[in-house]
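The analysis underlying the following values was restricted to heavy atoms, covering all of them including side chains, and did not include hydrogens, waters or symmetry mates. Counting begins at 1 with the first residue of the sequence. Every number for a ligand or one of its atoms is a count from 1 in the order of the listing.
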Amino acid sequence: MTLSDHLATAHPALAELILAVADACVEIAAVVRRGGADHSAAVSVNVQGEVQKGLDVLADDILVRVAARSPALVAMASEEQDDIIPVRDLTAEGGYYLLFDPLDGSSNIEVNVSVGTIFSILPALGAIPDRPAVAADLMQRGRSQAAAGYVVYGPQVTMVLTTGEGVAGFTLDPETNIWNRSAERMTLPARTSEYAINASNYRHWAAPVQTYVDEVLAGKDGPRGRNFNMRWVGSMVADLHRILTRGGVFLYPWDKREPDRAGRLRLMYEANPMALIVDQAGGQAFDGMTDILDTPVTGLHQRVSVMIGSAEEVEHLKALHANT
Ligand code: AHG
Ligand code: MN
Ligand code: MN
């Protein structure tokens, strides 16, 4: 079964937009594969105050150009652009907003480690005909998403997607550029013994996160009663794909180096799409106070603390946070 066949039962306008995003990711995959010094060269600084690599901008350009072909697309927002990109007025059969991180894991480009694209699709509920979209129209909570997905540019190019009825996986055939369904329904084991965190930040974390890591490091003689393994790729997409495939929990929590900043990762186009996918696969996503799908939206590029993955681990993290 192909991606196109898999989408036969989705709303036609939504299916068309997802297929346009998939086409863009085929182009991005080809650019990633070619490599080149210009990909990892710093080219500018984005709204986040982060250095933009050549490939960040290339991937952003491709997504904006290709996704705009979809008649149902009213507006877009990108990690790499300050403001939204209005595309067209709402159409009679409704419309959508597309939000994306065009290239996730930029620090891995020059060392040939998997990078990815993350996307979120929201219903254009706020759209008013003849009024161009404004950022506030896109600032909807994660639970409102109509679809969410990511693509990993790794040894295989894989897309994982949900339109609200479970999570499916697709692998790109490099000869035909067709996305073939490789997993009909991906589910997350409730129990895991594998966690992912940038351990070098230990001294900056809040106490509940330090306690969580202390417990897993104590292994089978500690309070968790079993040994744990750790992985950290440095690309959220690659870490989350491992977790969707074999279970696990991923943490990028608030830390005290920038106390006014809720976290490192962005809510609208990293945490929310991943939270919908993980929720649909039976896992959970927590921001230190509430489920990420319910995190109030205060800005297009707002950051959030992220603890996401197998249900048992996120439940335990919620308990540790409740006791503070
Ligand atoms: P991006 O490249 O889009 O800025 O995202 C990178 C994020 C995320 O993918 C990854 O988990 C995290 O940054 C890695 O952060 P550290 O380099 O601090 O470990
Ligand atoms: Mn990212
Ligand atoms: Mn990025």
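Within ligand 1, the atoms closer than 4.0 Å to a non-hydrogen atom of Leu103 are 2 (O), 3 (O), numbered from 1 in the order shown. Counting atoms of ligand 1 from 1 in the listed order, those under 4.0 Å from a heavy atom of Trp232 are 11 (O), 14 (C), 19 (O). Taking every non-hydrogen atom of Glu270 and a distance limit under 4.0 Å, the qualifying atoms of ligand 1 come out as 3 (O), 5 (O). Listed by atom number, the atoms of ligand 1 under 4.0 Å from Phe250 heavy atoms are 11 (O).
Between the Mn ion (ligand 3) and Leu103 there is an N/O/S contact shorter than 2.8 Å. The Mn ion (ligand 3) lies at 2.8 Å or more from every N, O or S atom belonging to Glu270.
No donor-acceptor distance shorter than 3.5 angstrom exists from the side chain of Thr290 to the backbone of Asp294, with no hydrogens or angles considered.
Nearest N, O or S atom of Asp101 to the Mn ion (ligand 3): atom OD1. Looking only at N/O/S atoms, Glu79 comes nearest to the Mn ion (ligand 3) through OE2. Atom OD1 is the N, O or S atom of Asp104 at the shortest distance from the Mn ion (ligand 2).
Backbone and side-chain nitrogen or oxygen atoms of Arg264 are examined, and one is located within less than 3.5 angstrom of a nitrogen or oxygen of ligand 1. The N/O atoms of Tyr252, backbone and side chain alike, include one that comes under 3.5 Å of an N/O atom in ligand 1. Checked by distance only, ligand 1 and Ser235 stay at 3.5 Å or farther apart across all their nitrogen or oxygen atoms. At a 3.5 angstrom cut-off on N or O pairs, Asn201 does not count as close to ligand 1. The shortest N or O to N or O distance between Gly105 and ligand 1 is below 3.5 Å.
No continuous path of ILVMFWY side-chain contacts below 4.5 Å connects Ile178 to Leu161, so the two sit in separate hydrophobic clusters. Leu251 and Leu188 fall within the same hydrophobic cluster, where Ile, Leu, Val, Met, Phe, Trp and Tyr residues are linked whenever their side-chain heavy atoms come under 4.5 Å apart, directly or through other members.
Of the inter-residue distances, the one linking Glu79 atom CD with Leu300 atom CG reads 11.5 Å to the nearest 0.5 angstrom. Note: Tyr252 OH to Asn198 CG = 5.0 Å, rounded to the nearest 0.5 Å.
At a heavy-atom distance under 4.0 Å, only side-chain atoms of Arg266, from C-beta outward, approach ligand 1. At a 4.0 Å heavy-atom cut-off, ligand 1 touches Ser106 through backbone and side chain alike. Under 4.0 angstrom from ligand 1, there are no non-hydrogen atoms of Tyr269. Of all the heavy atoms of Asn198, the ones lying under 4.0 Å from any atom of ligand 1 belong exclusively to the side chain. Only side-chain heavy atoms of Leu265 come within less than 4.0 Å of ligand 1; its backbone N, CA, C and O stay farther off.
Leu240 has its side chain out of reach of Val237: every pair of non-hydrogen atoms, C-beta onward, lies at least 4.5 Å apart.
Among all protein heavy atoms, the one lying closest to atom 11 (O) of ligand 1 is Met236 N, 3.3 Å. Atom 10 (C) of ligand 1 has Gly234 O, 3.4 Å as its closest protein atom, hydrogens excluded (heavy atom only). The nearest protein atom to atom 3 (O) of ligand 1, hydrogens excluded, is given as Asp101 OD2, 3.0 Å; this is a heavy-atom distance. Protein heavy atom closest to atom 5 (O) of ligand 1, with residue, atom name and distance, is Asp104 OD1, 3.0 Å.
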Working for salt bridge (Lys or Arg N to Asp or Glu O under 4.0 Å), residues Asp239 and Arg242: CA-CA 5 Å; Asp239 279 314; Arg242 183 193 58 256; 2.9 Å; yes
Go through the steps for Arg226 and Glu313 under the test salt bridge (Lys or Arg N to Asp or Glu O under 4.0 Å), then give the verdict. CA-CA 13 Å; Arg226 65 181 191 276; Glu313 291 312 299; 3.3 Å; yes
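Each of Arg65, Gln81, Gln52 was scored for a side chain to side chain donor-acceptor pair (under 3.5 Å) with Asp60, with one residue passing: Gln81.
What you find for Leu3 and Met159 is that their closest heavy atoms are CD2-SD, 4.1 Å. Looking at every heavy atom in both residues, Pro273 comes nearest to Ile118 through CG-CG2, 3.5 Å.
Assignment of Asp239 to the shell around ligand 1 is not supported, since no heavy atom sits closer than 4.0 Å.
Using a 3.5 Å distance cut-off with no hydrogens or angles, the side chains of Arg143 and Asn272 do not pair a donor with an acceptor.
Between Phe250 and Trp232, the distance from one ring center to the other falls under 6.0 angstrom.
Salt bridge status for Lys318 with Asp291: present, with a side-chain N to carboxylate O gap under 4.0 Å.
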